[in-house]
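In what follows, a single structure is set out as structure tokens and then discussed.
Letters A, B, ... are given to chains in the order of the sequence lines, protein chains preceding strands, and every chain is numbered from 1. None of the values given here were measured: they were computed from a predicted structure.
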Amino acid sequence: AQSVTQPDIHITVSEGASLELRCNYSYGATPYLFWYVQSPGQGLQLLLKYFSGDTLVQGIKGFEAEFKRSQSSFNLRKPSVHWSDAAEYFCAVGGYQKVTFGTGTKLQVIP
Amino acid sequence: DTAVSQTPKYLVTQMGNDKSIKCEQNLGHDTMYWYKQDSKKFLKIMFSYNNKELIINETVPNRFSPKSPDKAHLNLHINSLELGDSAVYFCASSRNQGQSTEAFFGQGTRLTVV
């Protein structure tokens with residue numbers, strides 16, 4: 001069965017600081033991985049996705065993620081966080097017929 | 001133009017009532033989903049339809065009945081609402097049911113049962 005673990009429930013960073021959100025997955029075959037962002041009161045928006053090829057993928061809003069098969073990880077990074085990045089971030093793994101989400105990491109950005 | 005739209009955005013109702021949430025997508029996608037997000041933000045798939053055909057039913061109580069009149073619509077009807085049904089319900093769609101296909105989400109419907 002596929003599963004996703006996001007070990008950090010809540011992270012606080014200062015504006016301008018770098019960010020890394022952790023994600024570990026479990027999937028029996030080649031994983032298809034996604035990061036979504038949910039702003040307050042909104043639906044989920046896709047930030048980036050990994051299917052194959054280059055293990056470092058670029059997304060929207062200056063985010064990137066690195067796939068590491070040996071660690072079963074797909075961590076999300078941003079070099080300099082903006083106040084507008086405060087939101088809930090979800091890592092997800094695509095299985096046949098459905099996408100399974102992690103429990104989310106809430107990002108708080110302080111001035 | 002909104003790609004995946006749900007109505008209503010907010011729904012407050014009493015226990016025991018029956019209510020429906022509607023979802024429409026204008027992306028031409030074949031697959032649609034309903035997800036439930038609880039108070040801890042956990043997102044769990046409830047149903048998946050592909051070309052109007054039920055693909056996934058994740059052990060959801062049979063008080064929940066999805067209906068897909070065509071592949072652009074997937075409505076959710078809930079009978080005999082209970083307090084525990086309070087959550088945000090998200091509709092989503094994807095091009096097909098393959099594992100590589102990203103899902104596009106609606107804005108969510110916040111259901112509060114009192």
Exercise. A/Val13 and A/Val37: same hydrophobic cluster, using ILVMFWY side-chain contacts below 4.5 Å?
Worked result: yes
Exercise. A/Gln45 versus chain B, heavy atoms under 4.5 Å apart: side chain, backbone, both or neither?
Worked result: neither
For this session: Select one option (side chain, backbone, both, neither) describing which atoms of B/Glu58 are under 4.5 Å from chain A's heavy atoms.
Result: side chain
Exercise. Mind checking whether B/Leu54 and B/Leu74 sit in one hydrophobic cluster, side chains of I, L, V, M, F, W, Y counted as touching below 4.5 Å?
Worked result: yes
For this session: Return the minimal non-hydrogen interatomic distance between A/Val99 and B/Tyr35, and the atom names on each side.
Result: O-OH, 2.9 Å
Problem set entry | Residue pair B/Gln37, A/Phe90: steps toward the side chain to side chain contact (heavy atoms under 4.5 Å, CB included) verdict | CA-CA 12 Å; B/Gln37 186 175 46; A/Phe90 293 91; 3.4 Å; yes
For this session: Kindly work out whether a path of hydrophobic side-chain contacts (I/L/V/M/F/W/Y, heavy atoms less than 4.5 Å apart) joins B/Val88 to B/Leu11.
Result: no
Exercise. Is it true that B/Lys41 and A/Glu88 have a side-chain N and a carboxylate O under 4.0 angstrom from each other?
Worked result: no
For this session: Check each atom of B/Lys9 against the heavy atoms of chain A and say whether the ones under 4.5 Å are side chain, backbone, both or neither.
Result: side chain
For this session: Kindly indicate whether the side chain of A/Thr103, heavy atoms from C-beta on, has any atom under 4.5 Å from the side chain of B/Leu43.
Result: no
Problem set entry | Enclosure of A/Ile110 CD1 (heavy-atom neighbours >12, cutoff 6.0 Å) | yes
Exercise. Which bit of A/Leu46 is near chain B, if near means a heavy-atom gap under 4.5 Å: side chain, backbone, both or neither?
Worked result: side chain
For this session: Look only at the side chain of A/Tyr36 and the backbone of B/Phe105, and say whether a donor-acceptor pair between them is shorter than 3.5 Å.
Result: no
Exercise. What do you reckon, is CD of B/Glu53 surrounded by more than 12 foreign heavy atoms closer than 6.0 Å?
Worked result: no
For this session: Consider only side-chain heavy atoms of I, L, V, M, F, W and Y, link residues closer than 4.5 Å, and tell whether B/Ile21 and B/Tyr49 are in one cluster.
Result: yes
For this session: Decide whether B/Ile78 and B/Tyr33 are clustered together by the hydrophobic rule: side chain heavy atoms of Ile, Leu, Val, Met, Phe, Trp, Tyr closer than 4.5 Å, transitively.
Result: no
Exercise. Out of curiosity, A/Gln38 CD to B/Phe90 CZ, how far, rounded to the nearest 0.5 Å?
Worked result: 4.5 Å
